[in-house]
A.B. asks: 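This is the structure I have questions about; it appears just below.
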Amino acid sequence: MSKHFFSDTTVLLGRSLRHITRSMDTIITTTIMPIAFLLLFVYVLGGAIHAGAGSYVSYLLPGILVITIASGISYTAFRLFLDMQSGIFERFQSMPIARSSVLWAHVVTSLVANLVSVAVVVLVALVMGFRSGAGLLTWLAVAGILLLLTLALTWIAVIPGLTAKSADGASAFAYPIIFLPFISSAFVPTDTMPGPVRWFAENQPVTSIVNTVRNMLAQLPVGGDIWRALTWCVGILVVAYIFAMVAYRKKIA
């Protein structure tokens with residue numbers, strides 16, 4: 001049964017990846033927009049922002065990576081919604097394939113697409129002056145945290161993808177997630193913010209994730225941020241997965 005599931009998911013994954021390569025608007029939005037933010041904040045606003053002794057691009061990069069992932073998962077909801085509306089789900093359900101493979105193909109597609117987008121943004125940051133002395137294991141740990149975040153947000157994306165009434169509604173859920181890094185330590189230290197804003201910034205998930213990635217790449221102690229980041233990611237993943245599977249079962253019932 002497991003072998004059947006993996007083979008079915010692999011076939012459907014290839015289908016979803018081909019759709020991405022044929023959709024230039026997806027590639028532009030998920031990659032070019034975060035790069036535009038990176039250029040804007042470093043070369044236009046960076047001179048007026050004091051974020052420590054290091055280069056601002058190094059301080060900024062973790063937050064831009066979170067925005068990159070948030071932009072990418074909006075298209076997961078969009079593609080899933082289109083599949084639901086086109087009737088392809090019903091066709092797949094009538095075929096001798098694992099039912100959950102249809103959903104998992106979209107999830108794995110999100111992981112692959114976001115991994116590529118994140119890699120491109122990191123390469124652009126390197127051209128702009130980003131440097132890190134972190135070793136291979138540290139980079140793998142950073143990649144693991146970002147993959148866990150992507151997986152958690154992707155399962156959130158599955159819910160509107162299954163339940164939205166319109167294509168715009170399916171992808172609009174990502175806007176608050178894209179906005180969250182702006183009220184966090186992603187762009188400026190939280191101690192520069194007024195009281196209530198600072199409290200929110202320091203206690204929302206993006207700040208702990210950004211601080212963890214930033215300190216790991218800078219070879220600084222991560223403290224308790226890494227445990228808060230992992231707790232947020234795992235907690236969001238579990239809750240989103242449960243609600244997504246409930247919505248999926250209702251759809252295929």
A.B. asks: Can you name the ring pair (Phe, Tyr, Trp, His ring centres under 6.0 Å) partners of F130, sequence neighbours left out?
C.D. replies: none
A.B. asks: Apply side-chain contact (heavy atoms from CB on, under 4.5 Å) to residues T190 and F200 and explain how you reach the verdict.
C.D. replies: CA-CA 10 Å; T190 56; F200 176 80; over 6 Å; no
A.B. asks: Counting only N and O atoms by type, is there a donor-acceptor contact under 3.5 Å from the side chain of Y43 to the main-chain atoms of L38?
C.D. replies: no
A.B. asks: Distance check, rounded to the nearest 0.5 Å: T150 atom OG1 versus I73 atom CD1?
C.D. replies: 9.0 Å
A.B. asks: Listed by chain and number, what are the ring pair (Phe, Tyr, Trp, His ring centres under 6.0 Å) partners of Y175, not counting sequence neighbours?
C.D. replies: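 Once residues adjacent in sequence are excluded, Y175 has no partner under the ring pair (Phe, Tyr, Trp, His ring centres under 6.0 Å) criterion.
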A.B. asks: Nearest 0.5 Å please: distance from the CD1 atom of I67 over to the CD1 atom of I35.
C.D. replies: 13.0 Å
A.B. asks: Determine the minimum heavy-atom distance between A141 and M216, stating which atoms define it.
C.D. replies: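 Closest pair (atom of A141, atom of M216, distance): CB-CE, 3.2 Å.
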A.B. asks: With no hydrogens and no angle check, is any side-chain donor or acceptor of S117 less than 3.5 Å from a backbone partner on N114?
C.D. replies: no
A.B. asks: Do you know the tightest heavy-atom contact between A152 and C233?
C.D. replies: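 Closest pair (atom of A152, atom of C233, distance): CB-O, 3.6 Å.
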A.B. asks: Are the side chain of T68 and the backbone N or O of P34 linked by a donor-acceptor pair below 3.5 Å?
C.D. replies: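 Answer holds: no.
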A.B. asks: With hydrophobic residues grouped by side-chain heavy-atom distances under 4.5 Å, do L149 and L140 end up in a single group?
C.D. replies: no
A.B. asks: Hydrophobic side-chain clustering at under 4.5 Å (ILVMFWY, transitive links): who's grouped with V246? Put none if nobody.
C.D. replies: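 None, because no other hydrophobic side chain comes under 4.5 Å of this residue.
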A.B. asks: Which residue pairs pass the side chain to side chain donor-acceptor pair (under 3.5 Å) test when at least one of the two sits in residues 219-240, sequence neighbours left out?
C.D. replies: D225-R228
A.B. asks: Holding to salt bridge (Lys or Arg N to Asp or Glu O under 4.0 Å), I want the full list of residues that pass it with R198, two or more places apart in sequence or in another chain.
C.D. replies: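 Applying salt bridge (Lys or Arg N to Asp or Glu O under 4.0 Å) to R198 gives E202.
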A.B. asks: Would you say L40 and M128 are hydrophobically clustered, going by side-chain heavy atoms of ILVMFWY under 4.5 Å?
C.D. replies: yes
A.B. asks: Could you pull out the closest heavy-atom pair between A201 and S184, with the gap in Å?
C.D. replies: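 Scanning both residues, the minimum pair turns out to be CB-CA, 3.9 Å.
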A.B. asks: Say you draw a straight line from CD1 of I145 to CD1 of I209; how long is it, rounded to the nearest 0.5 Å?
C.D. replies: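 Separation between the atoms: 8.5 Å.
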A.B. asks: Using the rule that two of Ile, Leu, Val, Met, Phe, Trp, Tyr join whenever any of their side-chain heavy atoms come within less than 4.5 Å, decide whether L65 and L115 are in one cluster.
C.D. replies: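 In one cluster with L65: L115, no.
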A.B. asks: Hydrophobic clusters here meaning ILVMFWY residues chained together by side-chain heavy-atom distances under 4.5 Å, can you tell me if L148 and V239 are in one?
C.D. replies: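 Different clusters: L148 never reaches V239 through Ile, Leu, Val, Met, Phe, Trp or Tyr contacts under 4.5 Å.
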A.B. asks: Is the backbone of I226 close enough, under 3.5 Å, to the side chain of T212 for a donor and an acceptor to pair up by distance?
C.D. replies: yes
A.B. asks: Taking it one step at a time, do Y59 and F41 satisfy ring-ring contact (aromatic ring centres under 6.0 Å, His included)?
C.D. replies: CA-CA 11 Å; Y59 183 92; F41 275 90; over 10 Å; no
A.B. asks: Who else is in the cluster with V127 when I, L, V, M, F, W and Y are joined by side-chain contacts under 4.5 Å?
C.D. replies: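 Hydrophobic cluster check, V127: no partners found.
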A.B. asks: Which residues pass the side chain to side chain donor-acceptor pair (under 3.5 Å) test with S185, sequence neighbours left out?
C.D. replies: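 Result, side chain to side chain donor-acceptor pair (under 3.5 Å) vs S185: N211.
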A.B. asks: For the atom pair CZ (F78) and OH (Y75), what is the distance rounded to the nearest 0.5 Å?
C.D. replies: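 Here the interatomic distance stands at 7.0 Å.
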A.B. asks: What are the two closest heavy atoms between A240 and I159, and how far apart are they?
C.D. replies: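 Closest approach of A240 to I159, heavy atoms only: O-CD1, 3.9 Å.
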A.B. asks: Are L162 and K250 side-chain neighbours, meaning at least one heavy-atom pair lies under 4.5 Å?
C.D. replies: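 The answer is no; the side chains never approach within 4.5 Å.
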A.B. asks: Flag yes if more than 12 heavy atoms outside F182 fall under 6.0 Å of its CZ atom; otherwise flag no.
C.D. replies: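 Yes, because the 6.0 Å sphere around CZ of F182 holds more than 12 heavy atoms from other groups.
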A.B. asks: Name all pairs fulfilling the salt bridge (charged side-chain N to carboxylate O under 4.0 Å, His left out) condition that reach into residues 133-149, sequence neighbours left out, sorted by first residue then second.
C.D. replies: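 Output for this query is empty, none listed.
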A.B. asks: Hey, could you give me each pair passing ring-ring contact (aromatic ring centres under 6.0 Å, His included) that has a residue in residues 135-170? Not counting sequence neighbours.
C.D. replies: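 Only W104-W155, W155-Y241 qualify under ring-ring contact (aromatic ring centres under 6.0 Å, His included).
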A.B. asks: Under a 4.5 Å side-chain heavy-atom rule over Ile, Leu, Val, Met, Phe, Trp and Tyr, are F179 and I177 clustered together?
C.D. replies: yes
A.B. asks: Enumerate the residue pairs fulfilling salt bridge (charged side-chain N to carboxylate O under 4.0 Å, His left out) with a member in residues 104-129, sequence neighbours excluded, ordered by first and then second residue.
C.D. replies: none
A.B. asks: Measuring from I236:CD1 to L151:CG, what's the distance to the nearest 0.5 Å?
C.D. replies: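 So the gap between those two atoms works out to 11.5 Å.
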A.B. asks: Excluding sequence neighbours, so at least two apart, what forms side chain to side chain donor-acceptor pair (under 3.5 Å) with T154?
C.D. replies: S110
A.B. asks: Who passes side chain to side chain donor-acceptor pair (under 3.5 Å) against T163, sequence neighbours left out?
C.D. replies: none
A.B. asks: Hey, mind stepping through T109 and T76 against side-chain contact (heavy atoms from CB on, under 4.5 Å) and telling me if it holds?
C.D. replies: CA-CA 8 Å; T109 298; T76 300; over 6 Å; no
A.B. asks: Which atoms form the tightest heavy-atom contact between Q204 and I183, and what is the distance?
C.D. replies: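 Closest heavy-atom pair between Q204 and I183: NE2-O, 2.6 Å.
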A.B. asks: Considering non-hydrogen atoms only, spot the tightest contact between S55 and G129 and give its length.
C.D. replies: OG-O, 4.4 Å
